[in-house]
Amino acid sequence: MDVNTSTNQSDCPEVMVPFPIFFGIGVGSLAENLLVVVAVIRNRNLHSPMYCFICSLAAFNTIASLSKTCENTMIVLAHNGHLNKTSSSVMKLDDVVDSLLCMSFVGSISSFMAIAVDRYITIFHALQYHNIMTMRRAGAILGVIWTTCGVCSVLMVQFFTSKFIMTCFIVFFFVSLVIICFLYVYMFMLARSHARKIAALPSGGGGRKCRHQRWRGSMRGALTLTILFGTFVVCWAPFFLHLTIMMVCPKNPYCECYRSLFQLHVVLMMSHALIDPAIYAFRSTELRHTFRKMLLCSEWRQCS
């Protein structure tokens, strides 16, 4: 999917990023996200709906890393004359790579939505949480997400040259941002109200302390996911602004100056998959301990 193919008619030269940077980011993010997936699978303490959704997000990040690394490798091979870009097999492979990239994006947004809903239930329906969000329901949600993403990615790649499809792609991004932002703002406003109610409870007794600790733990999880979502917006927004500019002002010199930074936008987009695991490790003590055990090859002991 080449979204930067028009002739540059501005005075701004296209910024080129060396292939080793693309390759390094791709390999590093692939290793990190695979580590997250393996950690969640191995540690039974992480077998909860929230970590299932985080694991799904890491899997979509892994797909994004694989697809962009493969695409950049193909570009280098083509530039060096080792690959014929016009051959049918190469074009089919490029379609597969583009399909996987679209799938990873739609899947990431959908996973963030699922995580946001899970955090909302955890904070404001704590007593009914295990009845509402069971592992079976979490699995069903993930099944719907992955199936929908697969279908959408094929449709997007097959009809991406259509302005209608590109418009839908852009609208989906911004509408999703608005929905998730609204949910997080609403969540933190209710959290503030709940905090005041907890503070108004009579002092003394373990009930208030236990409720306060549980509330703080839930809010810490919500804050972690807010950081993840903010990182996602920062890393992906320039790319979607690029797509928007392609539709709104494809020949304007000022717009083309922004488009000349396309490869930097791609690097930023790929960096999202590299940053996420670092946020997991920094914010989650359990996941950090699991990483340490895996990396140091220490004896695996299940926590009671």
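Note that these values count all heavy atoms, side chains included, but never hydrogens, waters or copies made by symmetry.
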Query raised in the report: Would Leu142 and Cys52 count as a side-chain contact (heavy atoms from CB on, under 4.5 Å) if you check the C-alpha gap in whole Å, the side-chain angles of each, and the deciding distance to 0.1 Å?
Result: CA-CA 8 Å; Leu142 290 176; Cys52 286; 4.1 Å; yes
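- Shown here for Ser56 and Trp146, the closest heavy-atom pair between the two residues is OG-NE1, 3.2 Å.
- Between the OG atom of Ser271 and the CG atom of Asp276 there is a distance of 11.0 Å, given to the nearest 0.5 Å.
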Requested in this report: Please step through side-chain contact (heavy atoms from CB on, under 4.5 Å) for the pair Trp236 and Leu177, ending with a clear verdict.
Outcome: CA-CA 11 Å; Trp236 280 84; Leu177 293 189; over 6 Å; no
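- Counting heavy atoms from C-beta on, the side chains of Cys149 and Phe60 come closer than 4.5 Å.
- Placement of Ile115 and Ile227 within a single hydrophobic cluster is found when ILVMFWY residues are connected by side-chain heavy-atom separations under 4.5 Å, directly or transitively.
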Report task. Give the intermediate values and the outcome of side-chain contact (heavy atoms from CB on, under 4.5 Å) for residues Val37 and Asn33. Result -> CA-CA 6 Å; Val37 174; Asn33 284 282; 5.6 Å; no
Requested in this report: Take Ser29 and Met270 through the test side-chain contact (heavy atoms from CB on, under 4.5 Å) and record every step on the way to the result.
Outcome: CA-CA 8 Å; Ser29 59; Met270 293 177 64; 5.8 Å; no
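- Within the hydrophobic cluster formed by Ile, Leu, Val, Met, Phe, Trp and Tyr side chains joined at under 4.5 Å, directly or through other members, Leu241 is accompanied by Ile245, Tyr258.
- Ser108 contributes a side-chain N or O that, together with a main-chain N or O of Ser104, makes up a donor-acceptor pair within less than 3.5 Å.
- Placement of Ile145 and Met133 within a single hydrophobic cluster is found when ILVMFWY residues are connected by side-chain heavy-atom separations under 4.5 Å, directly or transitively.
- Atom CZ of Phe239 and atom CG of Leu268 lie 11.5 Å apart (nearest 0.5 Å).
- Classification of the Phe105-Phe232 ring pair by plane angle, with boundaries at 30° and 60°, yields parallel.
- Contact annotation: the side chain of Ile54 approaches that of Met50 to within less than 4.5 Å [non-hydrogen atoms, C-beta and beyond].
- The environment of His47 atom NE2 is dense: over 12 non-hydrogen atoms of other residues, nucleotides or ligands sit within 6.0 angstrom.
- The two residues Gly26 and Thr69 have their closest heavy-atom pair at CA-OG1, 3.2 Å.
- In this structure, His272 and Phe112 have tilted ring planes: the angle between them lies in the 30° to 60° band.
- By the criterion of side-chain heavy atoms lying less than 4.5 angstrom apart, applied directly or through intervening Ile, Leu, Val, Met, Phe, Trp or Tyr residues, Leu100 is grouped together with Phe172 in one hydrophobic cluster.
- Tracing side-chain contacts under 4.5 Å through hydrophobic residues (I, L, V, M, F, W, Y), one reaches Ile25 starting from Ile63; they form part of the same cluster.
- Here the NE2 atom belonging to His242 is positioned 11.0 Å from the SG atom belonging to Cys255, to the nearest 0.5 angstrom.
- Distance check, rounded to the nearest 0.5 Å: CZ of Phe53 to CD1 of Ile141 gives 4.0 Å.
- With hydrogens and angles disregarded, no donor-acceptor distance shorter than 3.5 Å links the side chain of Thr147 to the backbone of Val144.
- Following chains of ILVMFWY side-chain contacts shorter than 4.5 Å, one cannot reach Leu34 starting from Tyr51, and the two form parts of different hydrophobic clusters.
- Note: Leu46 CG to Thr290 OG1 = 5.0 Å, rounded to the nearest 0.5 Å.
- Using a 30° and 60° split on the angle between ring planes, Phe23 and Phe19 fall in the tilted class, from 30° to 60°.
- Residues Ser110 and Thr148 have side chains not in contact (no heavy-atom distance under 4.5 Å, counting atoms from C-beta outward).
- Put simply, CZ on Arg288 and CD on Glu286 are 10.5 Å apart, with the number rounded to the nearest 0.5 Å.
- Nearest heavy atoms, Asp118 versus Pro49: OD1-CB, 3.8 Å.
- For the pair His289/Asn43, no side-chain contact is recorded, criterion being any heavy-atom separation below 4.5 Å from C-beta on.
- In this structure a side-chain-to-backbone donor-acceptor pair under 3.5 Å is present from Ser260 to Cys257.
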